[in-house]
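Numbered from 1 within each chain, the chains take letters A, B, ... in sequence-line order. Computed from a prediction, not measured in an experiment: that's the story for all the values here.
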2 protein chains.
Amino acid sequence: MADETIDADADVVAGDEAPSARVPLDRERIIKAAIEHIDKAGLATLTMRRLGASLGVEAMSLYRYVPGREDLLDAVVDHIINEMYNDDDVIDSPQDGWQDFLQRLAHGVRRVALAHPPAFPLVASRPPEAPWLRPPLRNLHWVESFLAGLVDEGFSNDAAVAAYRGFTSFLLGHLLLEVSTHGADVGPLDVIDDGSKEPISLGRYPHVSEMKGALSEDHAAAEFEESLENLLDRLALLKVEDSR
Amino acid sequence: MADETIDADADVVAGDEAPSARVPLDRERIIKAAIEHIDKAGLATLTMRRLGASLGVEAMSLYRYVPGREDLLDAVVDHIINEMYNDDDVIDSPQDGWQDFLQRLAHGVRRVALAHPPAFPLVASRPPEAPWLRPPLRNLHWVESFLAGLVDEGFSNDAAVAAYRGFTSFLLGHLLLEVSTHGADVGPLDVIDDGSKEPISLGRYPHVSEMKGALSEDHAAAEFEESLENLLDRLALLKVEDSR
DNA sequence: ACCTGAACACCGTTCAAGT
DNA sequence: ACCTGAACACCGTTCAAGT
C-alpha cells in the first residue's frame, strides 16, 4: 500500500526534488511568496516574473490563480491582516471589558506590522474599498468585531463609530511611523549604501542638530502604550458623553 | 528698441506658440508637471515618457534635470511640503503662544494634504532619510521651526522632541485617512467604474451593516480639530511634567 | 547648450500551443 | 488540468548623435 516506493527513474542528482511534476501551485502559496519577497527585498523589486521564478514557474502561470499584479497586492494586504486570526492574544469579543479588548486588538495589529515592516505601508495606504474599511483594519471581520464588541459593552452606535475612527487613525499614525523607522519600503532597489548620499548638513538647523541624539532614539513601544492609554481614556469619555 | 517686432517667419497657424525654440525646460517645471499629473491621473500612470510628452519633450530630456524617476518623486514630496512657505497663516515662530503656533502648522499641513489628495500618500510613506525627518513634516526647515518654537516657549529639549513625535504621528494618521477617503491613489489606472466590483455583501456583518450610514459620514474636519485640541492638551502636560 | 533616435534590459499581460 | 513560448505594448535609462 505504500505509494512511497523508490523512484524507478534513476536520476542520480543528490537532493533531486519530486520526480518532475511539482506541487501544482496555488493562490495561497503565491501570496505567501509575494509577502516573503516584499519583506526581504521590497515592493519595488516584486515583479510577476521574479515571483514566478521564486516558485519555479514562469510568470504566466501566476495568472491562473491571480487576476493581476494589483489584485495580488490586495490579496497580500488581506493575508497580512488575517494573520491576526492566529494570534491567541487577540480575541473576537470583549471578555474583560472593552478596554482590554481594544488593547489586545491594537497590540495584535502592531505585532503584524512589526512582523512585516516593508509590507505594512501597503496595508496602510492602498485605497480603501469602502469608508467602513479604514486602514489599517482593512477587513470586515475585524471591523464587525470592533463595533459589536463596543456596542455589547454599552457604547451607542454613534460612539462606537467615533471610537472606530479614533482607533484606526491612532494605529495608522503610530504604526506607519514606527515601521518606516525600521527601514520600510526598502526603496527602489536593494541599494548598496556606498555612502554617496552624504549625511545632510545640519549647519543651518541648530536645534535639530542639538537634539539629533534624542530624535534618533527609539521609544516607539513606550509611545505606543502611552498614546493607546490616552486614546482609551478619550473613548471612555466619548462613551458616557454620548449616552448622556 | 522694441524687441517685440512682428515675426519675420510667416507661419500662419493661428495660436502658434513661440517660433520653434520652446522655453528651455527646467527642474521646477518638471516637478510641477509631475504633481499636476499625479493629482489628475494618479501616481501609477506617471511615467517619464508621459511626463515628457506633457512638457512637449521626449522622456530622455528629463534626465538633464532630474537623476531619475525615484529622485523626481522625492523632489515632488519636497515641493509639496514647501508649499507651506506661501501660506500666510503658517508662521515660522510662535507669536501668540506655542499652541497657536502648532495649530497654524497643523492646519497648514492639512491644507497642503487636501490640495493634493492623490499625491499626499507619497509625502506620508516615502522612507524618511533620517529619524529626525518624520513624515509628513519631511523638511528640515519645518522641523527646526518646530523645535526652536517650542524651546523658545519654555519646552525642555526632551519635551520638544516628544512633542514632535506626537505631532507627526497625529498628522500622519489623520491626514492619510482623510485623504484616502477623498479617493487618493487613483488606483492602478484611471479605472472607469463599470460596476463590475459588486458592493461587498454585508450579510454576515450585521453591525457594520447597521452603522454603514454613520461610518460613511465625513466628519474629518471636526475630528481633526478635536484630536488636535486633545494633542495640545497632552503636550501642555508634557511641558510641565518634564520641567518638574 | 539642449534635445533626440536608437538601443538595452526589463516590465505586465494575452493567448494559442504544448504536455 | 496545468504550464509555457512567443508576442505585444509598454517601461526606465544610457549614450552617441544631431541642431
Aromatic ring centroids of A:Tyr85 and A:Trp142 under 6.0 Å? yes

Starting at the 5' end of DNA chain D, which residue's closest nucleotide do you reach first, A:Ala59 or B:Met48? A:Ala59

Using atom names, set out every protein N or O paired with an N or O of nucleotides 16-19 of chain C below 3.5 Å, distance rounded to 0.1 Å.
none

Could you list the residues that satisfy side-chain contact (heavy atoms from CB on, under 4.5 Å) with B:Arg104, not counting sequence neighbours? B:Asp89, B:Ile91, B:Asp100

Whole-Å distance, B:Leu62 CG to D:dC11 P, equals 13 Å

A:Val66: which residues meet the side-chain contact (heavy atoms from CB on, under 4.5 Å) condition with it, sequence neighbours left out? A:Arg27, A:Ile30, A:Leu72

Give a yes/no answer on whether the side chain of B:Arg50 brings an N or O atom under 4.0 Å of OP1 or OP2 in D:dC11. yes

Rounded to whole Å, please give me the gap between CZ in B:Arg27 and C1' in C:dC2. 17 Å

Spacing of B:Arg69 atom CZ relative to C:dC10 atom C1', expressed in whole Å: 15 Å

Please name all residues satisfying salt bridge (Lys or Arg N to Asp or Glu O under 4.0 Å) with B:Lys212, sequence neighbours left out, ordered by chain then number. none

Tell me: CD of A:Glu70 to P of C:dG12, nearest whole Å? 10 Å

Could you pull out all residues at least two apart from A:Ala148 that satisfy side-chain contact (heavy atoms from CB on, under 4.5 Å)? A:Glu144, B:His207

Restricting to salt bridge (Lys or Arg N to Asp or Glu O under 4.0 Å), what partner residues turn up for A:Arg165, sequence neighbours left out? B:Glu223

I'd like to check the salt bridge (Lys or Arg N to Asp or Glu O under 4.0 Å) partners of B:Arg110; sequence neighbours left out, ordered by chain and number. B:Glu178

Can you tell me if A:Tyr65 touches the phosphate of D:dA1, counting only side-chain N or O atoms and a distance under 4.0 Å to OP1 or OP2? no

Nearest heavy-atom neighbours spanning A:Asp39 and A:Ala115: OD2-O, 3.9 Å

Can you tell me how the ring of A:His174 sits relative to the ring of A:Phe224, calling it parallel under 30°, perpendicular over 60° and tilted otherwise? perpendicular

When you look for runs of 3 or more Watson-Crick or G-U pairs in a row, both distances below 3.5 Å, which of them include DNA chain D? C:4-8 with D:12-16, C:12-16 with D:4-8

With sequence neighbours left out, write down each residue that passes side-chain contact (heavy atoms from CB on, under 4.5 Å) with B:Glu36, or none if nothing qualifies. B:Lys40

Measure from CG on B:Leu51 to P on C:dC3 and round the result to the nearest Å. 13 Å

In whole angstrom, give the distance that lies between atom CD of B:Glu58 and atom P of D:dC11. 12 Å

Tell me whether the OP1 or OP2 atom of C:dC11 has a side-chain N or O from A:Thr47 closer than 4.0 Å. yes

All N/O pairs under 3.5 Å across the protein-nucleotides 6-8 of chain D interface:
none

Can you pull out every ring pair (Phe, Tyr, Trp, His ring centres under 6.0 Å) where at least one residue sits in residues 23-71 of chain A? Sequence neighbours excluded, please. none

Starting from C1' on D:dC11, measure out to CG on B:Leu43 and report it in whole angstrom. 14 Å

Contacts of B:Asp218 that satisfy salt bridge (Lys or Arg N to Asp or Glu O under 4.0 Å) - sequence neighbours left out: none

Spacing between B:Leu55 atom CG and C:dC3 atom C1', to the nearest angstrom: 13 Å

